[in-house]
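Beneath this line is the structure, given in structure tokens, with notes to follow.
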Amino acid sequence: MEIEGIKIDSKFLKILSSKFEKKIQKIQKEVFKISNKEFNIASPKQLGEILYNDLKIADLKKTKKGGFATSASVLEDLAFKGHKFPQLILDWRQVSKLKNTYSDSLPEHINPKTKRVHTSFLLAATTTGRLASSDPNLQNIPIKSEDGRDIRKSFIAEKDHVLISADYNQIEMRILADLADVKELKKAFKKNEDIHSLTASQIFNTDIKKVNDDQRRKAKAINFGIIYGISQYGLAKQINVSNYEAEKFLNSYFAKFPEIKVYMDQTIKFCRKSGYVNNIFGRRSHFININDKNYNVRNFQERAAINAPIQGSAAEIMRLAMIRLDKKLTNQKTKMLLQIHDELIFETHKDEEKRISKMIIEEMSSVAKSDQHSFSIPLTVDLNTGENWGTLH
DNA sequence: GGTTCCAGCGCG
DNA sequence: AAAGCGCGCTGGAACC
């Protein structure tokens with residue numbers, strides 16, 4: 001399915017590319033100075049040899065195929081221990097990723113007729129029911145770093161138009177609350193509470209108003225981890241605490257939200273028996289290796305089976321919203337341009353911005369309230385507008 | 001010239 | 001023994 005297409009500012013991207021190139025050159029110089037020789041930083045083999053053999057600053061961590069591991073988490077550990085070299089590699093990777101994957105490549109996707117970038121949305125490419133985006137993938141445009149957000153700023157609206165971004169607030173946690181019938185979570189969403197702060201207050205046994213940033217950050221990691229079926233070991237790595245502490249967090253989490261543990265156990269049990277799981281709307285995800293004799297294969301399938309109804313229900317809600325919005329937007333000066341899983345991007349004429357914004361929020365938040373699928377949690381939608389996708393208000 | 005795999009990393 | 005779900009794109013490496 002190819003849809004409208006979005007305008008990008010290729011001059012701005014060109015400026016970004018040369019800015020990135022300068023950074024890359026500068027970092028390279030420092031890297032070569034430390035390593036005492038020039039090599040291809042992008043070559044995992046050469047980099048690994050320098051890191052492990054020449055500089056001797058890495059413990060022996062290997063990849064699947066037996067090469068030296070140089071992933072970000074390995075390098076971050078080393079950087080944390082005070083080594084300058086790994087941090088330089090991390091910086092180099094970040095900037096060259098932005099340049100190669102985004103600022104250099106996006107302008108090549110501009111359609112000469114429409115002067116816009118048209119992604120392809122794949123409707124049946126995922127196991128959960130999500131869409132996928134390719135050629136180019138516009139579902140992974142950077143936002144987390146400052147330089148990354150600059151890339152996002154190159155996505156712009158036509159003259160006299162603005163971009164609208166509308167996203168579902170915490171949709172997967174809301175679905176988990178509904179799916180597993182989690183009393184405390186449902187209560188919190190009905191009161192529109194900050195869910196990560198609430199989780200923090202529950203597992204750290206403090207008043208919700210006294211939760212600090214670090215506690216909230218850890219609670220957030222746990223909430224996401226739960227959705228993905230994390231282990232105590234994985235959680236410990238993620239939030240940088242001991243295994244013992246991570247185990248304590250998970251225990252008190254399941255004590256406060258016992259229905260979640262029940263949901264997980266039941267989902268796996270059902271999947272072992274049937275080979276599939278259903279989401280709220282009846283879409284099936286198949287996991288035929290759920291009973292595999294190999295521990296890794298089996299555990300991987302179990303985590304995926306826990307996650308699929310949650311991710312899949314969210315995907316389904318978004319699909320329904322898109323269908324409703326598509327109908328509502330016929331004969332309007334507003335086009336639906338992008339879907340990024342829980343977010344929709346529209347381009348609208350300033351004349352109808354207010355009215356359309358109201359309509360989008362109404363349609364998206366009421367989509368799972370119909371007779372066929374009564375959803376026990378309110379869905380809230382955050383909507384922002386702006387001249388570009390990087391700066392929205 | 002091309003294909004396929006891997007490691008790595010961008011996003012939700 | 002491994003350790004967090006779902007994707008697509010990139011450059012390197014191995015091979016035809």
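In what follows, every chain begins at residue 1, and chains take the letters A, B, ... in the order their sequences are listed. Being a predicted model, the structure only gives us computed values, none of them experimental. Values below: every heavy atom of this structure, side chains too, minus hydrogens, waters and symmetry copies.
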The answer to which of G229(A) and A42(A) contacts DNA chain C further toward the 5' end, by nearest nucleotide, is G229(A)

L235(A) CG to dA2(C) C1', in whole Å, measures 16 Å

* Asked: When you measure from the centre of the six-membered ring of F20(A), is the NZ or CZ of K99(A) under 6.0 Å away and within 45° of the axis?
  -> no

Using a cut-off of strictly less than 4.0 Å, decide whether T101(A) has a side-chain nitrogen or oxygen near OP1 or OP2 of dG11(C). no

Classify A315(A) by what it touches in the nucleic acid, base, sugar-phosphate, or nothing, heavy-atom distance under 4.0 Å.
nothing

- Report yes if a side-chain nitrogen or oxygen of S134(A) is closer than 4.0 Å to either non-bridging phosphate oxygen (OP1 or OP2) of dC7(C); otherwise report no. no

Need one value for I143(A): base, sugar-phosphate or nothing, where a base atom within 4.0 Å counts as base even if backbone is also close, heavy atoms only.
sugar-phosphate

Partner of dA3(C) under the Watson-Crick or G-U wobble criteria, both distances under 3.5 Å, comes out as none

Under 4.0 angstrom, heavy atoms only, what part of the nucleic acid is I227(A) near: base, sugar-phosphate, or nothing? nothing

Whole-Å distance, I151(A) CD1 to dC9(C) P, equals 16 Å

Side-chain contact check for T126(A): nearest option of dG8(B), dC11(B), dG6(C) is dG6(C)

Parallel, tilted or perpendicular: which one describes the rings of F68(A) and Y52(A), with boundaries at 30° and 60°? parallel

When only distance counts, do a donor and an acceptor, one from the side chain of N140(A) and one from the base of dG10(B), lie under 3.5 Å apart?
yes

Looking at K33(A) and E30(A), is there a salt bridge between them, counting it only when a charged N and a carboxylate O are closer than 4.0 Å? no

The residue among M359(A), E363(A), K335(A) that forms side chain to side chain contact (heavy atoms under 4.5 Å, CB included) with L329(A) is M359(A)

With the side chain defined as heavy atoms from C-beta on, N137(A) is closest, among dG11(C), dC9(C), dC5(C), to dC9(C)

Practice task
Using the P atom as the reference point in each nucleotide, state the distance between dA7(B) and dA2(C) in Å, no decimals.
Solution key: 14 Å

Review point. Would you say dG11(C) has OP1 or OP2 under 4.0 Å from some side-chain N or O of N40(A)?
Key: no

- Using a cut-off of 4.0 Å on non-hydrogen atoms, how would the nucleic acid contact of G225(A) be classed: base, sugar-phosphate, or nothing? base

| request: Report which part of the nucleic acid K64(A) touches: base, sugar-phosphate, or nothing (heavy-atom distance under 4.0 Å, all strands). | output: sugar-phosphate

R319(A) atom CZ is separated from dG12(B) atom P, nearest whole Å, by 19 Å

The ring-ring contact (aromatic ring centres under 6.0 Å, His included) partner of F155(A) among Y102(A), W389(A), F12(A) is W389(A)

* Quick one: do E21(A) and Q25(A) satisfy side-chain hydrogen bond (donor to acceptor under 3.5 Å, both in side chains)? Show the steps, please. => CA-CA 6 Å; E21(A) 180 60 29; Q25(A) 292 298 335; 2.6 Å; yes

> For T70(A) and dA7(B), is the shortest distance between a side-chain N/O and OP1 or OP2 below 4.0 Å?
Replying inline: no

Of the candidates dT10(C), dG10(B), dC11(B), the side chain of Q94(A) sits closest to dG10(B)

Per atom distances to the A132(A) side chain, the nearest of dG10(B), dG8(B), dC7(C) is dC7(C)

Among dG11(C), dG12(B), dA3(C), the one nearest any side-chain atom of D342(A) is dG12(B)

Without swapping roles, check the side chain of E184(A) against the backbone of F257(A) for a donor-acceptor pair under 3.5 Å. no

Discussion item. It should be established whether T63(A) places a side-chain nitrogen or oxygen under 4.0 Å from OP1 or OP2 of nucleotide dC6(B).
Written reply: no

No-hydrogen, no-angle side-chain donor-acceptor test under 3.5 Å, E387(A) and H161(A):
no

Of the listed dC9(C), dG12(B), dG11(C), the closest approach to the D135(A) side chain comes from dC9(C)

Of the candidates dC9(B), dT10(C), dG10(B), the side chain of Y102(A) sits closest to dG10(B)

Please list, pair by pair, any protein nitrogen or oxygen found under 3.5 Å from a nitrogen or oxygen in nucleotides 14-16 of chain C.
none

Just to be sure I understand the rule, does F300(A) reach a base, reach only the sugar-phosphate, or reach nothing, if contact means heavy atoms closer than 4.0 Å? sugar-phosphate

| query | Hey, does S133(A) reach any base, or is it just sugar-phosphate, or nothing, if we go heavy atoms under 4.0 Å? | reply | sugar-phosphate

Which of dG12(B), dG11(C), dG10(B) is nearest the side chain of Y228(A)? It is dG12(B)

- prompt: In terms of side-chain geometry, is the basic nitrogen of D265(A) or K261(A) positioned less than 4.0 Å from the acidic oxygen of its partner?
  reply: yes

L138(A) atom CG is separated from dC7(C) atom P, nearest whole Å, by 18 Å

Is a donor-acceptor pair below 3.5 Å formed from side chain R130(A) to base dG12(B), judging by atom type as modelled?
yes

